[in-house]
Enquirer: 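I'd like to ask you about the structure that follows.
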Amino acid sequence: MIRINDTPGKVAAGFAIGVFWGIGPSFFIGPILSVATAALVKANKGASLLGSFIMNPVTGLFFYALSARAGTEIMGGNWEDVFIQVKTG
């Protein structure tokens, strides 16, 4: 098991920074931004890197599609129309 030798506050801050950049629309640069931000605020860089992988290229597509589907349902739209617009550009 890997241990992080840092204070719990710095580890939590680093992980939170990573999750922030991981779920934002940072498209594949989330890990870079999270480590840079953690270094800037002196949080744990390793925890920020792990947190940024909450949303990765594999799971990201699923969550973006699920978010689009939920949004169209909430707003009363038609999911098929949105899918066709995305597919055709």
Side-chain angles (χ1 to χ4, degrees):
M1 177 179 270
I2 297 175
R3 295 183 148 247
I4 298 177
N5 293 324
D6 215 341
T7 65
K10 286 185 178 184
V11 173
F15 193 79
I17 290 167
V19 170
F20 173 79
W21 285 115
I23 65 171
S26 55
F27 301 113
F28 308 113
I29 61 169
I32 297 166
L33 292 172
S34 68
V35 171
T37 305
L40 185 68
V41 299
K42 294 184 171 74
N44 189 286
K45 294 182 282 296
S48 72
L49 185 63
L50 289 174
S52 70
F53 292 133
I54 283 289
M55 188 75 84
N56 59 51
V58 175
T59 60
L61 297 174
F62 170 74
F63 284 116
Y64 288 137
L66 185 63
S67 296
R69 176 71 187 252
T72 55
E73 294 293 327
I74 291 169
M75 299 303 292
N78 187 355
W79 167 247
E80 288 82 15
D81 292 341
V82 172
F83 180 72
I84 290 168
Q85 287 177 350
V86 170
K87 189 175 177 181
T88 60

Enquirer: Could you give the distance from CD1 (Ile17) to NZ (Lys45), rounded to the nearest 0.5 Å?
Expert: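 Ile17 atom CD1 to Lys45 atom NZ measures 11.0 Å (nearest 0.5 Å).
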
Enquirer: Just verifying a value: how many Å separate Leu40 CG and Leu33 CG, rounded to the nearest 0.5 Å?
Expert: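 Reported value, rounded in 0.5 Å steps: 12.0 Å.
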
Enquirer: Considering all heavy atoms of both residues, which atom of Gly30 and which atom of Trp21 are nearest to each other, and what is their separation?
Expert: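 Heavy atoms only, the tightest pair is O-CB, 3.7 Å.
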
Enquirer: Where do Pro31 and Ser52 come nearest, in terms of heavy atoms and distance?
Expert: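 So the two residues come closest at CA-OG, 3.5 Å.
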
Enquirer: Determine whether Ile54 and Ile23 make a side-chain contact, defined as any pair of heavy atoms from C-beta on separated by less than 4.5 Å.
Expert: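 Yes, at least one pair of side-chain atoms sits under 4.5 Å.
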
Enquirer: Checking Thr37 side chain against Ser34 main chain: does a donor-acceptor pair fall under 3.5 Å?
Expert: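 Absent.
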
Enquirer: If I take atom CZ from residue Phe20 and atom OG from residue Ser48, how far apart are they, to the nearest 0.5 angstrom?
Expert: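 Spacing of CZ (Phe20) from OG (Ser48) equals 13.0 Å.
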
Enquirer: Considering all heavy atoms of both residues, which atom of Asp6 and which atom of Lys10 are nearest to each other, and what is their separation?
Expert: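 Closest heavy-atom pair between Asp6 and Lys10: OD1-CD, 3.3 Å.
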
Enquirer: Shared ILVMFWY cluster between Val41 and Val35, side chains joined below 4.5 angstrom?
Expert: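 Different clusters: Val41 never reaches Val35 through Ile, Leu, Val, Met, Phe, Trp or Tyr contacts under 4.5 Å.
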
